Number of protein chains: 2
Amino acid sequence: MIESESGNPLRRKLAAHVELTSGDVRELDGLAAGARRYPAQTPLLHQSDIPESAILVLDGFACRYKFLPNGRRQITAYLLPGDLFELDLDFRLPLDCALGTLTACRLALIPRPEYEDLIRRRPRIARALQMARLTEAATLREWITNLGSRSGPERLAHFLCEMLLRLRTTGLASENQYSFPITQADLADTLGMSCVHVNRVLQKLRRDGLIELSGRRLTILRPEGLKSLAEYDGSYLKPAATPLRPSSSDRPAA
Amino acid sequence: MIESESGNPLRRKLAAHVELTSGDVRELDGLAAGARRYPAQTPLLHQSDIPESAILVLDGFACRYKFLPNGRRQITAYLLPGDLFELDLDFRLPLDCALGTLTACRLALIPRPEYEDLIRRRPRIARALQMARLTEAATLREWITNLGSRSGPERLAHFLCEMLLRLRTTGLASENQYSFPITQADLADTLGMSCVHVNRVLQKLRRDGLIELSGRRLTILRPEGLKSLAEYDGSYLKPAATPLRPSSSDRPAA
DNA sequence: CGCTGTGTTGATAATGGTCAATTCTCGTGG
DNA sequence: CCACGAGAATTGACCATTATCAACACAGCG
């Protein structure tokens with residue numbers, strides 16, 4: 001309902017990567033047509049399923065995750081509004097991880113034929129999705145780095161910085177605050193720590209005046225402070241590709 | 001030199017995914033032509049470089065890694081013989097992480113035009129590389145899980161299991177042993193632990209009779225033991241895709 | 001009003017990091 | 001053949017981070 005004013009979030013995200021035609025835009029907005037609501041913590045796809053629909057997140061947070069035999073759960077990726085869970089075209093591989101909602105979500109399922117059609121008919125959209133895949137992979141590598149090389153507070157700070165940047169690209173975060181309805185237990189499964197420890201690390205960030213988290217809203221009080229704690233460099237998210245066609249104003253001096 | 005007998009490792013790897021024509025094979029073997037040797041610990045590409053060659057590993061171990069401002073290094077992926085560092089076709093994105101050798105390597109640089117040509121002229125190869133990309137992404141998610149949810153010994157065991165499976169697909173590992181010329185310091189940067197701790201965890205695996213590591217060769221003494229410690233499930237590496245065309249011998253009973 | 005899930009706290013223990021010294025290995029030159 | 005030196009592996013002592021367990025507070029909701 002709110003989206004009808006600003007356009008669907010996928011369109012907003014892709015428009016940042018490529019220039020879309022009005023036909024592209026119509027097509028993208030059409031995807032949101034059959035959207036449905038799902039409650040929080042709903043499993044959507046199980047590990048080793050072979051998916052037959054792409055899934056577009058219109059509202060709420062979803063994630064990829066794995067359950068381990070020892071009972072622990074690891075979240076491997078967040079799907080925010082505008083993110084698309086894609087099908088692979090050539091193969092039908094069983095999923096290496098499950099998919100589910102974290103918060104209440106509005107999702108559009110896109111059946112395989114329709115999805116394949118879209119890719120074929122809309123080269124600009126295909127291109128933008130290809131770009132999204134690249135930054136997705138870069139994000140996975142960044143998470144590996146985060147989990148492998150940073151302490152608790154740094155990890156959490158890094159995660160919060162990433163969320164800020166990602167939510168901003170679809171207009172869901174203002175300069176320094178966003179809606180953040182994530183459970184501490186889910187944060188624990190994201191950051192590879194116990195939820196007691198998540199709680200304490202959150203308190204530390206609060207004590208240090210870096211963030212304020214009340215209700216389901218996060219405010220970053222000292223953005224530079226948080227970024228420097230996290231050693232955050234968001235360039236993996238906004239790939240400054242070499243310009244496609246240098247505009248006439250890009251004339252080198254001399 | 002040794003490869004001339006068994007074919008280049010990329011060809012061996014791709015043949016596992018798709019059926020290659022003799023033309024494909026000739027093309028793949030041709031890639032190894034201009035190969036050169038690089039010493040261990042050689043940087044090949046820096047973070048934020050825009051690469052102009054794909055890189056094929058023929059021999060030795062290379063890796064992707066990031067340096068953090070705090071001095072730590074995190075390895076995010078191993079490139080084993082047969083693995084290809086690919087270029088992206090549509091964009092020229094700056095790299096989100098660096099690339100370098102771990103051990104002495106034999107590498108073939110494939111200039112962008114030649115690489116693009118290969119993809120265009122050889123649909124089967126393109127398809128197989130696409131598959132390789134999918135398992136690469138699955139491997140990144142598995143690493144996230146490994147770093148986030150497993151203890152030191154489990155993490156190391158998991159890593160060793162993955163190496164075994166991956167090296168086997170190119171014939172570089174036997175049933176339960178392989179050449180493993182990796183430094184403990186590099187292992188530490190891989191697994192997100194200090195190298196002192198890596199040393200102690202290795203000793204624990206040895207004490208428990210799971211592995212033997214001497215010289216530069218690893219022997220897995222109790223494969224089931226190591227796998228169960230790691231809770232290892234290698235299905236993310238060998239995606240049992242739904243068969244392309246059921247062969248006539250695949251007739252269901254009744 | 002009393003669930004139920006979530007957040008918070010304290011006490012205690014396990015895991016893993018840091019520092020510093022020592023040994024081992026192996027290639028190089030004498 | 002041996003001495004040497006550099007990098008790698010190993011060890012011990014000590015400390016920091018983080019997990020675990022258990023109790024309690026708090027909020028939203030039927």
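Side-chain atoms are counted along with the backbone in the values below, which use heavy atoms only and exclude waters and symmetry mates. Computed from a predicted structure; not experimentally measured. Naming: A, B, ... by sequence-line order, numbering from 1 per chain.
A donor-acceptor pair is defined here as one N or O able to donate and one able to accept, closer than 3.5 Å; such a pair exists between the side chain of A/R155 and the backbone of A/L191. Put simply, the side chain of B/T42 never gets that close to the backbone of B/Y38: no donor and acceptor are under 3.5 Å apart. No donor-acceptor pair under 3.5 Å is formed between the side chain of B/S228 and the backbone N or O of B/E231. In this structure a side-chain-to-backbone donor-acceptor pair under 3.5 Å is present from A/R168 to A/E175.
With a 6.0 Å radius and a threshold of 12 heavy atoms from other residues, nucleotides or ligands, B/K227 has its NZ atom at or below the threshold.
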Legend entry - B/F180/B/L160 under side-chain contact (heavy atoms from CB on, under 4.5 Å): CA gap, chis, key distance, verdict: CA-CA 10 Å; B/F180 189 67; B/L160 296 179; 4.0 Å; yes
Legend entry - Candidate pair A/L205 and A/L229, rule side-chain contact (heavy atoms from CB on, under 4.5 Å), full reasoning: CA-CA 10 Å; A/L205 296 192; A/L229 170 61; 3.6 Å; yes
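Rounded to the nearest 0.5 angstrom, B/R64 CZ and B/L45 CG are separated by 9.5 Å. Atoms CG and OG, on B/L107 and B/S53 in that order, are 11.5 Å from each other to the nearest 0.5 Å. Separating the CG atom in A/N8 from the CG atom in A/L56 is a distance of 6.0 Å, to the nearest 0.5 Å.
First and last contacts of DNA chain C with chain B, using any nucleotide atom under 4.0 Å from a protein heavy atom and ordered 5' to 3', fall at C/dG16 to C/dC19.
Across the protein-nucleic acid pair, B/L202 atom CG and D/dA8 atom C1' stand 13 Å apart, rounded to whole Å. In this structure, B/N199 places its CG atom 19 Å from P of D/dG7, rounding to the nearest Å. In this structure, CD of A/Q184 is placed 13 Å from C1' of D/dC26, rounded to the nearest angstrom. In this entry the distance linking CG of B/D186 with P of D/dG7 reads 14 Å, nearest Å.
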Legend entry - Sequence-aligned protein contact record of nucleotides 17-23 of chain D, with B where the base is within under 4.0 Å of a protein heavy atom and S where only the sugar-phosphate is: -SSBB--
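Two end axes, each from the C1' atoms of five base pairs, can be drawn for the helix from C/dC1-D/dG30 to C/dG30-D/dC1; they diverge by 30°, to 10 degrees.
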